[in-house]
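The structure under discussion appears below in the form of structure tokens.
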Protein chains: 2
Amino acid sequence: MTDTRAGSARPGADAPADAADAAGDRVFAALASPVRREVLRLLREEGPQPVQRIAGRFAMARPSLSEHLRVLREAGLVSERKVGRQRLYRLEAVPLHEVREWLDPFERFWREKLTGLRDLLDDLDEP
Amino acid sequence: MTDTRAGSARPGADAPADAADAAGDRVFAALASPVRREVLRLLREEGPQPVQRIAGRFAMARPSLSEHLRVLREAGLVSERKVGRQRLYRLEAVPLHEVREWLDPFERFWREKLTGLRDLLDDLDEP
DNA sequence: ACTATAGGTAGGAAATCTCCTACCTATCAA
DNA sequence: TTGATAGGTAGGAGATTTCCTACCTATAGT
């Protein structure tokens, strides 16, 4: 007994989470894979492409890539459009804006570090 | 037979990957968890904190949070410093700069979408 | 020295991820 | 129509993640 379980401290209490973040979660999760980040880079640099052409860049079977594309699609990061018997996948960059916005408030922290200001307000914080 | 396995198409051929990306991989992977993103936000807004204080925000046992902190530590996103019998965890934002840099080249794409320019160069790309 | 507290580590269960090999459908070309 | 090609889906193996409950060490206070 007595593991001091939190019990009442749920993150939902002061986080606006709920269903709104679910989409963002999927975006961050999609970016966790180097393969998927590379796919996005590829679509950015070379424009919309059929699956085969994308698959040619990776040392993996095509169905595996199809899975990655599904993850990207469900995160809203790519869209597909049928052209003849192939599917053109196209970058949909808007959800990345959400990542950027999440990142923004951290910017001053790394900027302070990178410009050499270093710790300074770090020692004022512990109460 | 004949599944047209790629075989010779390895991403290492035209990607500078190798060991340099490994660190970045860990950063992106660390951000994939909503819990870990929330920990970073917390350290950013309230400064360095001991594990218990962080753990109080989540509905999970403390050892589980310790695991998350380890992931963040190995990604270089937090550092710890012993103070008495507690460990102060502090945000280390510099690795986030790397994420920002990865994101940057995508900016013009979502900006075009958000400002209503829409598709425009999408139809020039397929050869 | 003894007890309580902070927090890491061990090991395991359940879920999820990532890859694979079939296999299926839809379209184009003969 | 028949065959070849593009690409999704099914199902499964193996690795990884995420949570848990013990359990252990180190420091602080009495």
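Throughout, a chain's letter reflects where its sequence line sits, starting with A, and its residues are numbered from 1.
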Whole Å only: how far is the CD atom of A:Glu67 from the C1' atom of C:dC20? 11 Å
Quick tally for nucleotides 2-8 of chain C: nucleotides whose base has a protein heavy atom under 4.0 Å get B, sugar-phosphate-only ones S, the rest -, giving --BBSBB
Would you sort out whether B:Leu42 and B:Gln49 count as a side-chain contact (heavy atoms from CB on, under 4.5 Å), showing the intermediate values? CA-CA 9 Å; B:Leu42 198 69; B:Gln49 294 184 39; 4.0 Å; yes
Could you check A:Gly84 against A:Ala32 and say which one's nearest nucleotide on DNA chain C is further toward the 5' end? A:Ala32
Against the side chain of B:Arg70, the closest entry in C:dC20, D:dC19, C:dT9 is C:dT9
Would you say C:dC17 has OP1 or OP2 under 4.0 Å from some side-chain N or O of A:His68? no
Would you say the side-chain atoms of A:Arg87 pair up with the backbone N or O of A:Lys82, donor to acceptor, closer than 3.5 Å? no
Testing the 3.5 Å rule here: is there a donor-acceptor pair between the side chains of A:Tyr89 and A:Arg73? yes
Checking B:Lys113 against A:His97 for the side-chain contact (heavy atoms from CB on, under 4.5 Å) test, could you report, in this order, the C-alpha distance in whole Å, the side-chain angles of both residues, the deciding distance, and whether it holds? CA-CA 11 Å; B:Lys113 269 290 170 65; A:His97 186 216; over 6 Å; no
Short side-chain N/O contact from B:Ser64 to OP1 or OP2 of D:dT18, under 4.0 Å: no
Would you check if the side chain of A:Arg62 reaches a backbone N or O of A:Gly56 as a donor-acceptor pair within less than 3.5 Å? no
Check the pair A:Phe109 / B:Leu96 against side-chain contact (heavy atoms from CB on, under 4.5 Å), numbers first and verdict last. CA-CA 10 Å; A:Phe109 287 87; B:Leu96 291 178; over 6 Å; no
Integer-rounded Å distance: C:dT9 C1' and B:Glu74 CD: 13 Å
CE of B:Met60 versus P of C:dA15: gap in Å, rounded? 17 Å
Between C1' on C:dT18 and CG on A:Leu65, what's the gap in Å once rounded to a whole number? 12 Å
Using the side-chain heavy atoms of A:Lys82, tell me which of these nucleotides is nearest: C:dT27, D:dT18, C:dC19. C:dT27
